Amino acid sequence: RRLWIVMVVAVIFVGAAVGFTLARPSFYESTTVLLVMQKADEVPSSLGAQVEGLGEVTVTLTEVVATRPIANATIQRLGLSMSSDDLLDNVLVEQVPATQVIDVAYQDPEPARAQRVAETIGKVFAGQVAEVTGAEGVRVTTWEGAVVPETAGVRPIPLLKSLLLPRWLALVLNGFLGLIIGSMVGVGLALVLELLDDGWRSYEEAEEITGAPVIGVVPPPEADRGAR
């Protein structure tokens, strides 16, 4: 009897999810690839020690990239009118597992600015790495420069900035999530209304509850007028 409640709530949630996704701003993502290397004038005792040492340093450097000193220097160099926190909100840094490679990505509504910021972050970081980390015998170089992105995406889940999808795919994802959540809420609401409903739905139920036989059934006024 209350299937319509489930359907209505599910449609409302799907509509809200679609509207939310359509209202989300588009972002362009540009990535620069950094490589952590041993300085030419530093001779390691063994190749294994060099690889192990660089791997440990790379983990530390990955955490240092997205910090306020790097953000402030980037903003100053490019003359951007934003705070360091605003810039860091759109920065993604990830170490390629088991390598000395660090991917630095920046997301921005303007593709050219996304490229400039990503490229500048890499250069600023490479210039400050020795002072920031205090790691002797290590240098950071740009292995692959950032390029101007051609396609934009949206963040279907605002807090998950690493998930940047084409708008159509974000619509499908959020619409599906809205359908699942809306159906669950609708079922819960229908169950609550069912528990709060103390009416008898049939004379068999009335007999079962009262323990007395039903002698007659009085039809509703609408049914009575229709019969006449």
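Quick note: residue numbers are just sequence positions, from 1. Note that the structure is a prediction, hence the values are computed from the model and not measured.
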Here the gap from Ile121 atom CD1 to Thr142 atom OG1, rounded to the nearest 0.5 Å, amounts to 11.5 Å
On a heavy-atom basis, the closest approach of Thr32 and Glu144 is OG1-O, 3.1 Å
Joining Ile, Leu, Val, Met, Phe, Trp and Tyr whenever any side-chain heavy atoms lie under 4.5 Å apart, the cluster holding Leu160 also takes in Ile157, Leu163, Leu165, Trp168, Leu169, Val172, Leu173, Leu177
One thing to verify: whether Asp85 and Arg68 come together as a salt bridge, which I'm taking to mean a side-chain N less than 4.0 angstrom from a carboxylate O. yes
dist Met184:CE -> Phe13:CZ (nearest 0.5 Å) comes out at 10.5 Å
When rounded to the nearest 0.5 Å, the distance separating CD of Gln95 from OG1 of Thr58 is 5.5 Å
Show, in sequence, the C-alpha distance, side-chain angles and deciding distance for Val36 and Leu34, and conclude whether the side-chain contact (heavy atoms from CB on, under 4.5 Å) test is met.
CA-CA 7 Å; Val36 181; Leu34 305 179; over 6 Å; no
When rounded to the nearest 0.5 Å, the distance separating CG of Leu78 from OG1 of Thr120 is 3.5 Å
Would you indicate whether the side-chain heavy atoms of Asp103 and Val101 approach each other to under 4.5 Å? yes
Is there side-chain contact between Tyr106 and Thr31, with at least one heavy-atom pair below 4.5 Å?
no
#### Entry: Within one Ile-Leu-Val-Met-Phe-Trp-Tyr cluster: Val6 and Val14, side-chain cutoff 4.5 Å
no
Here the gap from Arg116 atom CZ to Thr74 atom OG1, rounded to the nearest 0.5 Å, amounts to 12.5 Å
Check whether more than 12 heavy atoms from other residues, nucleotides or ligands sit under 6.0 Å from atom CE of Met82, and answer yes or no.
-> yes
Discussion item. Are Gln107 and Leu164 packed together at the side-chain level, in the sense that at least one heavy-atom pair is separated by less than 4.5 angstrom?
Written reply: yes
Problem set entry | Heavy-atom side-chain proximity of Arg77 to Val124 below 4.5 angstrom | yes
query: Do Ile75 and Val104 belong together in a cluster built from hydrophobic side chains that touch within less than 4.5 Å?
result: yes
Sub-4.5 Å side-chain heavy-atom contact between Val57 and Gln100 = no
Shortest non-hydrogen pair, Gln115 vs Val147, comes out as CG-C, 3.4 Å
ILVMFWY cluster, Phe176 and Val18 together (side-chain gap under 4.5 Å):
no
Note: Arg167 and Arg24 closest approach over all heavy atoms is NH2-O, 3.0 Å
Exercise for review: Could you state whether Ile181 and Leu189 fall into the same hydrophobic cluster, counting links through intermediate Ile, Leu, Val, Met, Phe, Trp or Tyr residues with side-chain heavy atoms under 4.5 angstrom apart?
Suggested key: yes
Ser30 and Ala118 have their tightest heavy-atom pair at O-CB, 3.5 Å
Do the side chain of Lys161 and the main chain of Asp89 share a donor and acceptor less than 3.5 angstrom apart? yes
Q.
Is there a continuous path of hydrophobic side-chain contacts, each under 4.5 Å between heavy atoms, that joins Val187 to Ile5?
A. no
- Over 12 non-hydrogen atoms of neighbours within 6.0 angstrom of NZ in Lys123: no
Taken to the nearest 0.5 Å, the spacing of Glu94 CD from Ile102 CD1 works out to 11.0 Å
Taking every heavy atom of Ala114 against every heavy atom of Tyr28, the minimum-distance pair comes out as CB-O, 3.6 Å
So, do Val117 and Asp108 sit near enough that their side-chain heavy atoms are less than 4.5 Å apart? no
Here the pair of heavy atoms bringing Ser162 nearest to Leu92 is CA-CD2, 3.2 Å
**Message:** So Phe27 and Pro111, do their side chains get closer than 4.5 Å, heavy atoms only?
**Reply:** no
